[in-house]
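None of these values were measured; they are calculated from a predicted model.
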Amino acid sequence: MTDQGATGEASLTQQAYADLRTRIVACELPPGSSLTERGLARSTPFGLTPIRRALARLDREGLVITLPRAGYVVSPLDAQDVAELVEAWDLIGPGLVRLGLERLSDVEAQELARLLSDWSLPDTDGAYPLEAVLRFSELSRRVFQLLAIASANRWLRSAFDQLSDQMSRLWVTLLKGREVPEQLQQLIVRWNQHIVGRQPEEIAQYLPVLIKDSGRAARDLFHLANTPSSTEADAAG
């Protein structure tokens, strides 16, 4: 294969990876979905080899699970997965914030200020539409991503990238097609109160607490989403 051909194939692999990752994180390919290389190659413009390589990378990152001789499955999310995700983010998040803020360059500090200036959600009397919450979640991810890059620690950044994908997928799973719970609305209000317009020292003080509160909210919402209502329980009985 020529250098030009290898470069083109690598580019297709990267495109296939980016496309599949986006669809998994956005739950267009929901947790537990079955995938095959040939099925994805037929439904996308990337071809079999780029799809196979993209799936191998997604397997290493924990977003899909390889089933020998049976294809792949999008990693499921059960109560244990949620507990472990939240526990890992509780441990990594505060350290990432502290180190990133300490090492921000002038350019990164300006970008952080720009992101924080856009942090607030529109005033909708607390009844946030799902789309607004998901935009807020994406903005949060970009803030933490900037701090991960500023930390200048490739291992910490790699851990963040993997956790970030999984946490984004969790929030989309919890919120897609549902009304935004009051618990989450109140948490967003607190994020706004503590973050908007604050200085790095105050962000470092408040974010670890808010990270834990977000994790607690995710666990509670996951439990609620997977607990049958009294009506369902009566019907099952």
Side-chain angles (χ1 to χ4, degrees), residues 21 24-27 30-32 61-63 74-101 112 115-116 119-121 126 128 130-151 153 155-196 198 200 202-227:
R21 175 186 167 278
I24 290 171
V25 171
C27 291
E61 294 176 354
L63 287 173
V74 178
S75 299
L77 281 172
D78 59 24
Q80 183 64 26
D81 295 320
V82 173
E84 291 180 1
L85 273 173
V86 169
E87 183 178 59
W89 184 231
D90 280 352
L91 292 171
I92 290 175
L96 180 150
V97 170
R98 177 187 56 78
L99 197 60
L101 288 171
L112 179 62
L115 289 172
L116 294 178
W119 193 286
S120 295
L121 284 168
Y128 301 133
L130 174 60
E131 293 79 7
V133 175
L134 295 180
R135 285 197 302 272
F136 178 87
S137 176
E138 172 60 16
L139 181 58
S140 303
R141 185 192 67 80
R142 289 169 61 193
V143 167
F144 285 114
Q145 184 179 52
L146 175 62
L147 293 171
I149 293 169
S151 75
N153 184 307
W155 301 110
L156 187 58
R157 181 177 175 183
S158 177
F160 165 76
D161 286 342
Q162 187 167 352
L163 277 171
S164 175
D165 285 346
Q166 296 286 13
M167 291 297 286
S168 294
R169 189 168 70 116
L170 171 60
W171 281 111
V172 173
T173 301
L174 291 175
L175 295 173
K176 199 169 187 178
R178 297 187 176 95
E179 292 184 4
V180 179
E182 183 179 353
Q183 177 189 22
L184 183 57
Q185 293 175 21
Q186 293 173 350
L187 179 62
I188 290 172
V189 168
R190 289 184 53 216
W191 276 76
N192 286 335
Q193 290 172 341
H194 288 311
I195 302 304
V196 176
R198 301 284 180 171
E202 293 176 273
I203 296 173
Q205 176 185 351
Y206 286 116
L207 272 185
V209 177
L210 293 168
I211 285 169
K212 289 186 177 295
D213 288 346
S214 297
R216 188 179 301 111
R219 285 193 299 266
D220 290 348
L221 290 173
F222 186 85
H223 176 73
L224 183 64
N226 289 276
T227 300

Spacing of CG belonging to L163 relative to CD belonging to E84, to within rounding of 0.5 Å: 11.0 Å
Out of curiosity, D90 CG to K212 NZ, how far, rounded to the nearest 0.5 Å? 4.0 Å
Residue pair G100 / A150: nearest heavy atoms and the distance that separates them: O-CB, 3.6 Å
Nearest-0.5 Å distance that lies between atom CG in L170 and atom CG in D165: 12.5 Å
Would you give the length of the straight line joining atom CH2 of W171 to atom OG of S140, rounded to the nearest 0.5 angstrom? 10.0 Å
Can you find a pair of side-chain heavy atoms, one from L147 and one from L99, that are under 4.5 Å apart? no
Are the side chains of V74 and L63 in contact, using a 4.5 Å heavy-atom criterion? no
Minimal non-hydrogen separation, P31 against T173, with atom names: CG-OG1, 3.9 Å
Distance-minimising heavy-atom pair for A148 and F160: CB-CD2, 3.8 Å
Between atom CG of L115 and atom CZ of R141, what is the distance when rounded to the nearest 0.5 Å? 10.5 Å
Would you say P94 and I211 make side-chain contact, with heavy atoms under 4.5 Å? yes
If you compare all heavy atoms of I92 against all heavy atoms of A159, which two are closest, and at what distance to 0.1 Å? CD1-CB, 4.0 Å
With a 4.5 Å limit on heavy-atom distance, are the side chains of Q145 and S164 in contact? no
In short, D81 meets P76 closest at the heavy-atom pair OD2-O, 3.1 Å
Looking at side-chain heavy atoms only, is the closest gap between V143 and L146 below 4.5 Å? no
Donor-acceptor check, side chain of E61 to backbone of Q162, threshold 3.5 angstrom: yes or no? no
Would you say the rings of F144 and W89 are close, in the sense that their centroids are separated by under 6.0 Å? yes
What is the distance from atom CZ of R169 to atom CG of L77, rounded to the nearest 0.5 Å? 4.0 Å
What closest approach, in Å, do S168 and V25 show between heavy atoms, and which atom pair accounts for it? CB-CG1, 3.6 Å
Decide yes or no for R142 and E138: does some side-chain heavy atom of the first lie under 4.5 Å from some side-chain heavy atom of the second? yes
